[in-house]
Structure formats: C-alpha cells, structure tokens
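This structure is a prediction, so every number in the text was calculated from the model and none was measured. Heavy atoms only: backbone and side chains are in, while hydrogens, waters and symmetry mates are out.
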Amino acid sequence: MMTIRHLAFAMLVLASTILVLEKVPGISAQLVCKGNLTAIMTQCTSFVKKEGPKIPPSSACCETLKDVDIPCLCQHIPGPIMSQISMEKALYVGKTCGAEVPSGTKCGSYIVPPSPPHSPPVA
C-alpha cells in the first residue's frame, strides 16, 4: 500500500517537473525538437550573430544541426536569443548544413521569405 503511494507521488513530481521545464526557454526546444541547444549555441553562435559578415558554418556547427528539427526549433526561440542573432544568417547556416526551412515558417518573430525564382540560363 505504501509503495503505491510513493509511486503515485513520484509520478506526480515527474509530471510537474516536465510541465515546469517546458516553460523554460531552450529546455522545451530540446525536449520537443531533438538536438542539443547548448551545443548548437556553442558551435554555431559565431555564424549567426547580428554583427559581422555572413560566413559559411564550420563542420562542427553543421554536425550539431544534423538531427535537429529546424522548423520546430524556430517555434521555440526565446526573445533574448532573437535579439542577438540574425535570422537571415541562421537560415543561411541551416541551408548550408542541409537543413532548409520552408518559406512561410515562423522563426520567433521572423517569417521565412519565399526563395527567389530561378532564372533560366542565358544562351
């Protein structure tokens, strides 16, 4: 009888913890979207920060993005991070690493624009 109460209490604590953690920016993204947000921020920050030119990402950055659901991650970008990164650069990094984000996807407050039409080759 006592074991069932302990198990029920443990389940309640676990459920409460998950609900609380989902409200913490970054942790909810890791739980829902796959990938390691800390590793992404460590390996890719220099390629997406607002200052400086657009440069191709490193192989380490691309490796951290390999299994991440980028459109999902876009839905969980906290405001403080949005204020520090260039979404154009972030989408460039994703595309360069093979993880394109469909046009119309909302990343924080940024909406991914349509791709420019391809011009026919000049003969």
Is there a chain of hydrophobic side chains (I, L, V, M, F, W, Y, each step under 4.5 Å between heavy atoms) that links Ile55 to Val48? yes
Residue list, side chain to side chain contact (heavy atoms under 4.5 Å, CB included) with Leu65, at least two apart or on another chain: Ile40, Cys44, Cys61, Ile70, Val93, Cys97
With sequence neighbours excluded, tell me which residues meet side-chain hydrogen bond (donor to acceptor under 3.5 Å, both in side chains) with Lys106. none
Under the side chain to side chain contact (heavy atoms under 4.5 Å, CB included) rule, collect the residues that match up with Pro102, sequence neighbours excluded. Pro71, Thr105
Could you give the distance from OG1 (Thr64) to CE (Met41), rounded to the nearest 0.5 Å? 10.5 Å
side-chain hydrogen bond (donor to acceptor under 3.5 Å, both in side chains): pairs with one or both residues in residues 42-63, sequence neighbours excluded: Glu63-Lys66
Residue pairs passing the side-chain hydrogen bond (donor to acceptor under 3.5 Å, both in side chains) test where at least one lies in residues 83-92, sequence neighbours excluded: Ser86-Glu88
